[in-house]
Number of protein chains: 2
Amino acid sequence: MPTLWDVASQSQFRLESMSTSLHHRAIENLGTRIITGELPTGHIMLAEHLEEELKVSRSVVREAVRVLQSLGLVETTKRVGIRVLPPSRWNPFDSQVIRWRLSSDARGAQLRSLIELRSAVEPAAAELAANNAPAQLRRELVDIAHALRDAGHSGDAQKFLELDIAFHSVLLSGSGNEMFANLMGQVAETLTGRTVHGLMPDHPHEGALQWHVDLAEAVAAGDAATARDASEQIMRRTTSRLSGTWTDQPRVFIPVRRN
Amino acid sequence: MPTLWDVASQSQFRLESMSTSLHHRAIENLGTRIITGELPTGHIMLAEHLEEELKVSRSVVREAVRVLQSLGLVETTKRVGIRVLPPSRWNPFDSQVIRWRLSSDARGAQLRSLIELRSAVEPAAAELAANNAPAQLRRELVDIAHALRDAGHSGDAQKFLELDIAFHSVLLSGSGNEMFANLMGQVAETLTGRTVHGLMPDHPHEGALQWHVDLAEAVAAGDAATARDASEQIMRRTTSRLSGTWTDQPRVFIPVRRN
DNA sequence: TGACACCGATGTGTGCAGACATCAAAACTC
DNA sequence: GAGTTTTGATGTCTGCACACATCGGTGTCA
């Protein structure tokens with residue numbers, strides 16, 4: 001019978017599986033199974049049963065359950081057990097949850113959510129960066145934008161991806177809003193996912209390359225309106241390029257929780 | 001010497017302190033102390049020491065530390081201990097972290113971040129709701145908007161606050177984007193915080209009341225552009241009303257994390 | 001006889017204490 | 001200074017006592 005260690009070695013999670021902690025593996029195991037629906041909403045597990053199934057001790061199970069609880073994936077009730085909560089209770093901003101959803105059937109819906117969020121946030125971040133970013137970040141943004149254009153022309157896909165991620169990261173970081181800045185990780189996920197799934201053209205759109213340069217130079221010049229415009233252009237194009245991946249995904253309307 | 005139980009009874013956290021779990025109290029205790037800076041970045045604690053200080057057992061400390069770890073507040077290293085991480089590593093979207101920051105010196109900065117996020121997201125949500133929301137939510141939004149206007153005219157502050165929260169919650173929920181919908185909780189925090197701190201006028205701005213009605217009716221009519229405009233008006237006014245609270249707060253530029 | 005309130009048995013999470021394993025920092029040796 | 005050993009903290013496991021929600025049985029009253 002395979003243990004958590006065996007499962008981890010076949011895992012799709014490269015970086016995380018490096019950290020050889022049973023606790024972490026248990027979280028990955030249960031988290032993915034809940035989010036894929038293998039452990040459906042309302043499903044009840046017993047701590048004792050999880051010990052046997054995962055072949056780990058109580059302390060490991062308990063610590064893992066506590067973390068999943070803080071992510072809104074499960075709740076514990078005395079005399080009942082560990083109950084799987086509905087997706088509406090999951091914390092959609094947690095990077096683990098996002099990662100698990102991106103590698104599940106809900107991948108399209110997750111991408112749509114992320115893109116819509118980015119479309120709303122990045123133009124605002126561009127505006128803020130134009131008004132507030134420190135000089136060094138502005139210079140860096142311009143340099144990256146030019147390098148990005150060059151990489152786009154030369155067709156170096158790997159370098160292009162890295163620069164693309166760096167560009168949007170610096171932009172979000174330069175907004176001076178820590179919530180915006182924290183979306184860097186999610187942005188990186190969408191951008192890398194895009195190339196992994198073959199959604200990148202061999203030669204990036206010439207207009208998109210120029211918009212990146214325009215955005216960077218507007219930020220450098222402190223021209224908030226132009227920066228926002230350029231960012232909106234970029235996001236519109238990104239949305240249209242990716243919208244094909246979620247055409248079949250139904251929208252979910254989370255019920256308003258009232259006390 | 002006061003125990004965690006005693007401390008909890010003086011706590012500012014009403015709902016949470018009801019749940020009488022040592023685990024939860026330990027998280028609150030450590031979380032608030034880290035975020036207020038009482039436990040500064042780089043500060044190193046030992047699990048054994050925490051047991052004595054909090055007068056709880058090892059398992060409680062360990063489970064609490066695990067949760068704080070998943071929030072990015074601490075990291076554990078063998079042979080070293082439990083190290084407090086810099087604010088740039090904290091998960092700014094976690095509702096606990098937001099709550100802790102709202103009741104700390106960084107309150108202004110947290111409010112600014114939230115308002116900027118809302119200003120970016122709500123107009124987008126209005127657009128999405130106008131295009132996608134189910135009929136029932138559209139009707140509900142219109143009803144709430146009218147009730148909100150009435151409450152504003154009659155000067156019932158309590159009812160006004162409830163309806164205001166309900167309005168924005170339904171709007172975000174109606175967007176069909178689970179990340180937008182999840183911001184409900186944070187929105188509620190900012191709105192309630194606003195009244196608690198005496199930032200609400202006796203009689204709400206007449207224009208703002210009308211914008212809410214306009215927004216609701218535009219969503220009901222499927223008029224995305226008008227819905228967005230109305231939402232932007234509302235957020236502009238909210239921002240200008242609250243901007244006084246963070247004038248002294250410096251912006252923090254989170255460094256871009258590269259692997 | 002039926003409805004209802006009470007109450008105790010049961011099972012599960014919660015909290016505790018102690019032991020050993022593991023592994024990286026630090027000290028030591030050469 | 002490179003390699004090795006020591007050390008000390010977290011990581012993991014286990015047995016136990018307790019709190020308490022749920023369920024079923026019992027008793028009371030109409």
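Chain naming here is simple, since letters A, B, ... match the order of the sequence lines and numbering starts at 1 in each.
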Donor on one side chain, acceptor on other, A:E28 and A:W100, under 3.5 Å: yes

Any donor-acceptor N or O pair under 3.5 Å, side chains A:N29, A:R25: no

Starting at atom [atom1] of [X], determine the distance to atom [atom2] of [N], rounded to an integer number of angstrom.
X: A:R25; N: D:dT12; atom1: CZ; atom2: P; result: 9 Å
X: A:E48; N: C:dT10; atom1: CD; atom2: P; result: 17 Å
X: A:H24; N: D:dG11; atom1: NE2; atom2: P; result: 12 Å
X: A:R62; N: D:dC13; atom1: CZ; atom2: C1'; result: 12 Å
X: B:E63; N: D:dT10; atom1: CD; atom2: P; result: 16 Å
X: A:I82; N: C:dG13; atom1: CD1; atom2: C1'; result: 8 Å
X: B:L46; N: C:dA25; atom1: CG; atom2: P; result: 15 Å
X: A:H23; N: D:dT10; atom1: NE2; atom2: P; result: 15 Å

Sugar-phosphate, base or nothing in reach of A:R83, heavy atoms under 4.0 Å: nothing

Heavy-atom closest contact (B:V61 atom, B:A47 atom, distance):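 Closest approach of B:V61 to B:A47: CG1-O, 4.1 Å.
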
side-chain contact (heavy atoms from CB on, under 4.5 Å) assessment of A:V187 paired with A:L114: CA-CA 8 Å; A:V187 169; A:L114 281 171; over 6 Å; no

Residue-phosphate contact under 4.0 Å: B:S57 side-chain N/O, C:dG15 OP1/OP2: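 Checking C:dG15 against B:S57, no side-chain N or O comes under 4.0 Å of OP1 or OP2.
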
Nucleic acid contacts - residues 73-81 of chain A versus DNA chain D, non-hydrogen atoms under 4.0 Å: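 Heavy-atom cutoff 4.0 Å gives A:K78, A:R79.
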
Main-chain N/O of B:V80 paired with B:T77 side-chain donor or acceptor, under 3.5 Å: no

No-H, no-angle donor-acceptor pair, B:R58 side chain to D:dG11 base, under 3.5 Å: yes

Side-chain touch B:R251/A:L128, heavy atoms, less than 4.5 angstrom: yes

B:E75: which of B:R83, B:Q69, B:R89 passes side-chain hydrogen bond (donor to acceptor under 3.5 Å, both in side chains): B:R83

Nearest-neighbour nucleotide for the A:V60 side chain, D:dC13, C:dC16, D:dT10 considered: D:dC13

